[in-house]
Amino acid sequence: MLPQNPFIVRREIAYGEPFCDREREMAIFLESADSDEALCLLSPRRYGKSSLVNQVLGRLAEKGWITLRLDMMTIRSLKGLVESLEQKRLEASSQWTRIKEGASNLASRVSPQMRIDLETGSPTFSLSLSGPRAGEEDAVVAVLERISNLPRSLQRPVCFAIDEFQEVAGLEPKQRLVGIIRSAFQRRSRGFLPIYLGSMRHMLKLMFENENAPFYRSARMLELKELGVQDFAQFMNSQFRETLGRSMPPEVGRATATIFGGHPHALNLTASRLWTSLQLVNQYDPPVVREVWKEIVSTLIHEERAYYQQINRTLSRPALNVLANIARRGVVAEPYSTQFARECQLTPGQIQTALRLLIKEDKVVESEEGYMVLDPLEAICLKTESVSPDVLHAELERSLEHSGE
Ligand SMILES: Nc1ncnc2c1ncn2[C@@H]1O[C@H](COP(=O)(O)OP(=O)(O)OP(=O)(O)O)[C@@H](O)[C@H]1O
Ligand SMILES: [Mg+2]
């Protein structure tokens with residue numbers, strides 16, 4: 001049988017599929033699972049949040065946990081939220097049944113709020129949302145309470161991951177819904193671990209780190225960073241060895257991680273395309289690998305530039321201008337200096353407005369050294385915008401040489 005490309009791209013990496021590093025984050029998740037400490041995982045898009053949570057949930061399921069995942073991106077209304085939460089509750093019940101299959105004392109452990117399905121003998125939940133409290137808002141409160149008390153009724157720890165959590169802020173009733181979720185989860189029973197994931201850094205920070213926000217300090221914040229150069233190089237080389245029995249020139253993995261600043265999507269996509277191309281030509285000599293790699297990297301930069309231009313189309317011209325100039329410099333310590341204003345051909349006042357917008361939109365972050373572009377893949381796309389293909393190839397060649405030292 002032909003070997004399969006081990007590098008998963010453009011979708012989440014499932015549990016058991018090749019996944020690079022994240023040992024530290026994994027340890028933090030498992031630690032939180034032990035102490036029921038809620039976690040909020042944030043990073044720019046395509047950094048591997050969902051993939052990491054898949055690994056965590058996989059590990060917890062092996063330890064006997066019931067694991068649930070809800071993607072807020074798919075929910076457009078309060079009614080939709082209630083239905084999805086109900087579905088998750090049913091899913092918990094069927095996971096519970098699977099775990100318990102074969103257990104003789106099934107019925108005796110069922111809590112009063114569950115019914116036994118007379119045909120299958122398995123516990124089911126009533127889908128009826130009516131009751132003493134009517135209305136969708138009450139239904140959300142009721143279902144959240146039941147979910148956060150699942151560990152008590154199922155006698156199993158439960159992990160509930162909510163992906164793209166910032167989307168709850170946009171659902172009606174605005175402001176109130178966030179408070180409802182917070183208060184239901186505050187009263188959760190032991191063994192219930194909520195995980196919130198999101199890519200809108202600025203918004204999530206406001207939700208969890210602002211003193212007046214409902215989620216203030218209700219979860220441990222974990223920022224998912226870029227993949228390490230050595231970690232990725234090792235991962236890439238071991239995957240080539242395991243699937244094709246071939247070694248990569250060591251500089252290739254390192255240069256990939258360096259060029260793209262550790263951006264997980266760009267790294268794995270480069271490795272995936274390299275794997276397919278080399279397997280096709282069936283040549284693995286270092287000069288061939290290096291040529292193919294340079295071609296793949298320049299194409300990818302070109303494609304990604306178009307992607308960022310598309311997602312940035314709502315930004316103002318001055319903001320795009322400031323963003324490009326920050327990328328060109330790397331770090332800008334004094335954005336209001338006459339020198340930087342001249343580079344941008346803007347007034348300091350215009351730069352201030354642009355910067356405010358760029359920070360709000362998670363395009364730029366302020367670090368101790370100054371302002372920089374948050375996403376390293378976007379930074380490289382901007383930096384190479386007016387660079388000719390020949391110059392880019394020469395730059396990539398240099399990166400390979402440096403990475404080999
Ligand atoms: N640890 C990793 N090892 C290898 N590749 C990874 C890793 N993490 C992420 N990737 C790559 O990045 C891609 C995006 O991962 P994923 O969808 O999990 O990110 P995300 O942060 O959830 O993105 P989004 O914010 O768009 O939902 C994956 O398809 C994979 O190619
Ligand atoms: Mg995701």
Side-chain angles (χ1 to χ4, degrees), residues 4-29 39-59 67-75 160-168 195-205 221-240 242-243 248 252-254 256-257 259-276 296-297 300 303-304 307-308 310-312 361-363 374-378:
Q4 262 194 343
N5 190 327
F7 303 102
I8 309 294
V9 295
R10 303 208 190 270
R11 68 164 170 85
E12 298 166 12
I13 302 176
Y15 184 51
E17 289 183 320
F19 184 72
C20 172
D21 186 40
R22 302 302 195 198
E23 292 300 326
R24 189 185 79 86
E25 290 81 2
M26 199 75 151
I28 293 177
F29 269 101
L39 262 168
C40 175
L41 180 67
L42 62 152
S43 79
R45 303 229 33 203
R46 308 184 294 172
Y47 262 46
K49 295 176 294 296
S50 303
S51 301
L52 172 60
V53 163
N54 288 343
Q55 314 308 307
V56 172
L57 297 188
R59 288 271 277 273
T67 59
L68 304 172
R69 251 190 77 171
L70 177 69
D71 187 353
M72 285 301 300
M73 246 351 172
T74 61
I75 291 165
F160 187 37
I162 310 182
D163 212 340
E164 303 299 351
F165 184 67
Q166 72 275 341
E167 299 298 312
V168 299
I195 297 178
Y196 312 101
L197 287 85
S199 47
M200 295 176 79
R201 189 172 181 275
H202 189 75
M203 208 160 145
L204 278 168
K205 287 207 161 213
M221 303 299 280
L222 183 58
E223 278 199 57
L224 197 57
K225 299 284 185 190
E226 296 75 29
L227 289 170
V229 172
Q230 287 305 345
D231 292 325
F232 186 74
Q234 270 171 17
F235 168 74
M236 181 170 152
N237 292 351
S238 69
Q239 294 304 323
F240 268 90
E242 278 171 33
T243 52
M248 278 292 99
V252 172
R254 291 202 288 262
T256 307
I259 283 283
F260 291 119
H263 191 291
H265 154 79
L267 268 49
N268 228 30
L269 187 52
T270 305
S272 165
R273 289 185 178 176
L274 191 63
W275 192 96
T276 303
I296 288 171
V297 171
L300 207 148
E303 289 173 7
E304 290 294 333
Y307 162 82
Y308 287 108
Q310 171 71 11
I311 61 170
N312 287 346
E361 294 293 321
D362 290 324
K363 290 280 142 192
L374 175 66
D375 181 329
L377 180 54
E378 177 159 31

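As the structure lists them, so they are numbered: ligands from 1, and atoms in each ligand from 1. Small disclaimer: the values here were computed from a predicted structure and weren't measured.
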- Note on the structure: Within 4.0 Å of some non-hydrogen atom of Arg10, the atoms of ligand 1 are 29 (O)
- Task: Pull out every atom of ligand 1 sitting under 4.0 Å from any heavy atom of Asn268, numbered as shown with elements.
- Result: 4 (C), 5 (N), 30 (C), 31 (O)
- Query: If you measure every N/O of Tyr47 against every N/O of ligand 1, is any gap under 3.5 Å?
  - Reply: yes
- Note on the structure: closest protein heavy atom to atom 3 (N) of ligand 1 is Cys20 N, 2.9 Å
- Item | For atom 25 (O) of ligand 1, the protein heavy atom that lies nearest, with its residue and separation | Lys49 NZ, 2.9 Å
- For atom 18 (O) of ligand 1, the closest protein heavy atom turns out to be Ser51 OG, 2.5 Å
- Message: Taking 4.0 angstrom as the limit and counting only heavy atoms of Val9, give me the atoms of ligand 1 inside it, by number and element.
- Response: 29 (O), 31 (O)
- Message: Quick check for you: to the nearest 0.5 Å, what is the distance between Lys363 atom NZ and Glu378 atom CD?
- Response: 3.5 Å
- Query: Side chains of Glu223 and Lys205: does their closest heavy-atom pair fall under 4.5 Å?
  - Reply: yes
- Query: What protein heavy atom sits nearest atom 19 (O) of ligand 1, and how far off is it?
  - Reply: Gly48 N, 2.9 Å
- In ligand 1, which numbered atoms sit nearer than 4.0 Å to a non-hydrogen atom of Pro264? 8 (N), 9 (C), 10 (N), 11 (C), 12 (O)
- Heavy-atom gap Ile8 to ligand 1 smaller than 4.0 Å: yes
- Closest protein heavy atom (residue, atom, distance) for atom 17 (O) of ligand 1: Glu12 CG, 4.0 Å
- Message: Tell me the closest heavy-atom pair linking Gln166 and Gly198, and the distance in Å.
- Response: OE1-CA, 3.3 Å
- Query: Measuring to the Mg ion (ligand 2), does Ser50 have an N/O/S atom at a distance below 2.8 Å?
  - Reply: yes
- Query: Which distance, rounded to the nearest 0.5 Å, do you find between the CZ of Arg45 and the CG of Asp362?
  - Reply: 12.0 Å
- Look at atom 6 (C) of ligand 1 and say which protein heavy atom is nearest, naming residue and atom and giving the distance to 0.1 Å. Ile13 CD1, 3.5 Å
- With heavy atoms and a 4.0 Å threshold, my read on which part of Arg11 contacts ligand 1 is backbone
- Between Glu12 and Arg69, does at least one N-O distance fall below 4.0 Å, as a salt bridge requires? yes
- Note on the structure: For Glu164, the ligand 1 atoms with a heavy-atom partner under 4.0 Å come out as 25 (O), 27 (O)
- Message: Using ring pair (Phe, Tyr, Trp, His ring centres under 6.0 Å), reason through Phe240 and Phe235 one step at a time and then give a plain yes or no.
- Response: CA-CA 9 Å; Phe240 268 90; Phe235 168 74; over 10 Å; no
- Item | Beyond-backbone contact of Leu41 with Tyr196, side-chain heavy atoms, under 4.5 angstrom | no
- Query: Which protein heavy atom lies closest to atom 26 (O) of ligand 1, and at what distance to 0.1 Å?
  - Reply: Arg45 NH2, 2.6 Å
- Message: I'd like to check Val252 versus Leu274 (side-chain heavy atoms, cut-off strictly below 4.5 Å). Are they in contact?
- Response: yes
- Message: Applying ring pair (Phe, Tyr, Trp, His ring centres under 6.0 Å) to Tyr47 and His265, what does each step give before you reach the verdict?
- Response: CA-CA 6 Å; Tyr47 262 46; His265 154 79; over 10 Å; no
- Task: Starting at CG of Asn268, measure out to CZ of Phe19 and round the result to the nearest 0.5 Å.
- Result: 10.0 Å
- Starting from atom 23 (O) of ligand 1, which protein heavy atom do you reach first, and at what distance in Å? Arg46 N, 3.0 Å
